[in-house]
Structures are given as structure tokens and as C-alpha cells.
Amino acid sequence: MDIMEKPRTLPCSHQYCSDCLGQATKHGHYLCPECRKPFAPALGNQPTGGTMKFSRRSSDLPGHHGSGHIIITYAIPGGVQGMGHPNPGQRFSGTSRTAYLPDTTEGNKVLGLLRKAFDARLTFTVGQSVTSGANNTVTWNDIHHKTSMGGGPYVFSMCTVYAHVLVFSYGGQWYSLSLSLHQRVESSGA
């Protein structure tokens with residue numbers, strides 16, 4: 001067995017080479033190779049340089065009388081695709097999106113979780129738009145949002161909030177994002 005250079009002990013107590021773990025995280029691997037527990041906050045492939053801003057309004061969303069609403073505004077600039085995108089080196093077009101939440105206790109918890117997902121680069125990706133068919137463009141990354149003021153009381157079509165945890169689909173697998181953990185945790189159900 002080779003002697004490990006610059007060993008790093010993970011939170012699960014397993015040890016691995018620091019350089020090897022650094023390479024793993026660069027390629028989107030954040031789980032211990034032995035026990036599969038997360039050892040670092042997950043990062044998606046959302047293009048860098050974007051913004052997420054929010055404001056509050058007094059008008060109500062359907063199904064949430066008397067609460068007002070939160071408007072979330074995302075802006076992701078265009079650029080050149082990186083290694084985690086479908087066509088590295090090719091240009092991609094950016095986007096701006098608007099989403100809505102009721103200004104309730106639960107809506108504000110979801111806002112906090114959406115901020116964590118955005119900061120972890122999980123909200124958007126680069127690919128083919130489902131609505132326009134355009135390639136090499138910024139698209140939603142399976143954390144669905146309410147993008148119209150009308151249409152009923154639903155906050156998300158594919159996400160659910162359970163006791164401070166946002167559950168969503170990413171890359172064909174279901175994950176949960178905890179309000180307190182700030183790490184991706186693979187869901188055991190759904």
C-alpha cells in the first residue's frame with residue numbers, strides 16, 4: 001500500500017489524499033468513496049456571475065389571501081460553457097427569470113432554501129430549453145418555481161417543503177436541501 005500524501009480526515013472519519021478529494025469535488029463528487037456520506041457542500045454547474053434578488057409586494061397570490069407576495073428576480077449572463085456543461089468552449093445565452101412566493105412563514109423558509117440552492121449553483125444549468133427548443137442556453141435545473149402570479153396556490157410543481165427541507169429533482173435523482181445543513185443530501189424516498 002502506498003503512503004498517503006497530505007491525508008485529509010473526512011467528517012465520517014475516513015481518510016483520503018487531499019489532492020484526490022480536491023479533484024473529486026472539481027468533478028462534482030462530494031460523497032465519501034467508502035460510506036457515501038457528504039464531505040463538502042455540493043456545487044452544481046450553474047454558470048457563475050448571476051444574481052438572485054427579491055422584493056416584497058402587498059398584493060396576494062391566489063390561495064394566499066392577506067399575505068402579500070415575494071418576487072424573486074434571477075439574472076444569469078451569457079458566457080462560455082465550462083467542463084460541466086454539454087458543449088465546453090461554446091458560447092451560451094443567458095436569461096432573466098421571475099418567480100413568486102407567498103409572503104408567509106413557509107414562503108420565507110422556501111426563499112431561504114432557494115437562496116442556498118442558488119448559492120450552491122443548483123438552480124440553473126446550460127442546455128436545451130424545453131419551452132423554446134433553443135440549445136446552449138441557461139435553463140431551470142429541476143428546481144421548479146411558480147413563474148406566474150395566477151394559476152393557483154402551488155409554489156412548486158416538482159418541489160415540496162418538509163420541516164425546513166426543500167425536496168427536489170436534480171440530474172434525475174431526488175435530493176433534499178436542508179435550511180440548516182447547506183449541503184446536498186440524497187433522499188431515501190420519493
In terms of heavy-atom contacts, does OH of Y16 have more than 12 from other residues, nucleotides or ligands at under 6.0 Å?
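Yes.
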
Would you give the length of the straight line joining atom CD of E106 to atom OG of S67, rounded to the nearest 0.5 angstrom?
11.0 Å

Verdict with supporting geometry, I71 and Y100, side-chain contact (heavy atoms from CB on, under 4.5 Å)
CA-CA 5 Å; I71 300 172; Y100 304 92; 3.9 Å; yes

Do [X] and [Y] have side-chain heavy atoms sitting under 4.5 Å apart?
{"X": "T139", "Y": "T125", "answer": "yes"}
{"X": "K109", "Y": "T105", "answer": "yes"}
{"X": "T147", "Y": "T98", "answer": "no"}
{"X": "L111", "Y": "I72", "answer": "yes"}
{"X": "L21", "Y": "L10", "answer": "yes"}

The criterion is side-chain hydrogen bond (donor to acceptor under 3.5 Å, both in side chains); which residues satisfy it with S58, sequence neighbours excluded?
none

Nearest heavy-atom pair of [X] and [Y]: which atoms, and what distance?
{"X": "A117", "Y": "I143", "answer": "CB-CD1, 3.7 Å"}
{"X": "F39", "Y": "P11", "answer": "CB-CD, 4.0 Å"}
{"X": "G50", "Y": "I76", "answer": "CA-CD1, 3.8 Å"}
{"X": "D60", "Y": "M149", "answer": "O-CE, 4.2 Å"}
{"X": "G94", "Y": "V138", "answer": "CA-CG2, 3.9 Å"}
{"X": "L61", "Y": "L101", "answer": "CD1-C, 3.3 Å"}

[X] side chain to [Y] backbone, donor-acceptor under 3.5 Å:
{"X": "R8", "Y": "S18", "result": "no"}
{"X": "S132", "Y": "S129", "result": "no"}
{"X": "Q128", "Y": "G133", "result": "yes"}
{"X": "H69", "Y": "S59", "result": "yes"}

Could you list all the salt bridge (charged side-chain N to carboxylate O under 4.0 Å, His left out) pairs where at least one residue sits in residues 93-104, not counting sequence neighbours?
R56-D103

Partner residues of R57 under the salt bridge (charged side-chain N to carboxylate O under 4.0 Å, His left out) criterion, sequence neighbours left out:
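Applying salt bridge (charged side-chain N to carboxylate O under 4.0 Å, His left out) to R57 gives none.
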
Please identify each residue that fulfils salt bridge (charged side-chain N to carboxylate O under 4.0 Å, His left out) with K6, with sequence neighbours left out.
D19

Please identify each residue that fulfils ring-ring contact (aromatic ring centres under 6.0 Å, His included) with Y74, with sequence neighbours left out.
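Expected list: F118, F124, W140, H145.
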
Between the side chains of T137 and S93, is a donor N or O closer than 3.5 angstrom to an acceptor N or O?
yes

In a table with atom names and distances, give each donor-acceptor pair under 3.5 Å that connects a side chain of residues 84-92 to protein atoms at least two apart or in another chain.
unit_1	atom_1	unit_2	atom_2	d
H85	ND1	G82	N	2.9
H85	NE2	N45	O	2.6
N87	ND2	N136	OD1	2.8
Q90	OE1	N136	ND2	3.2

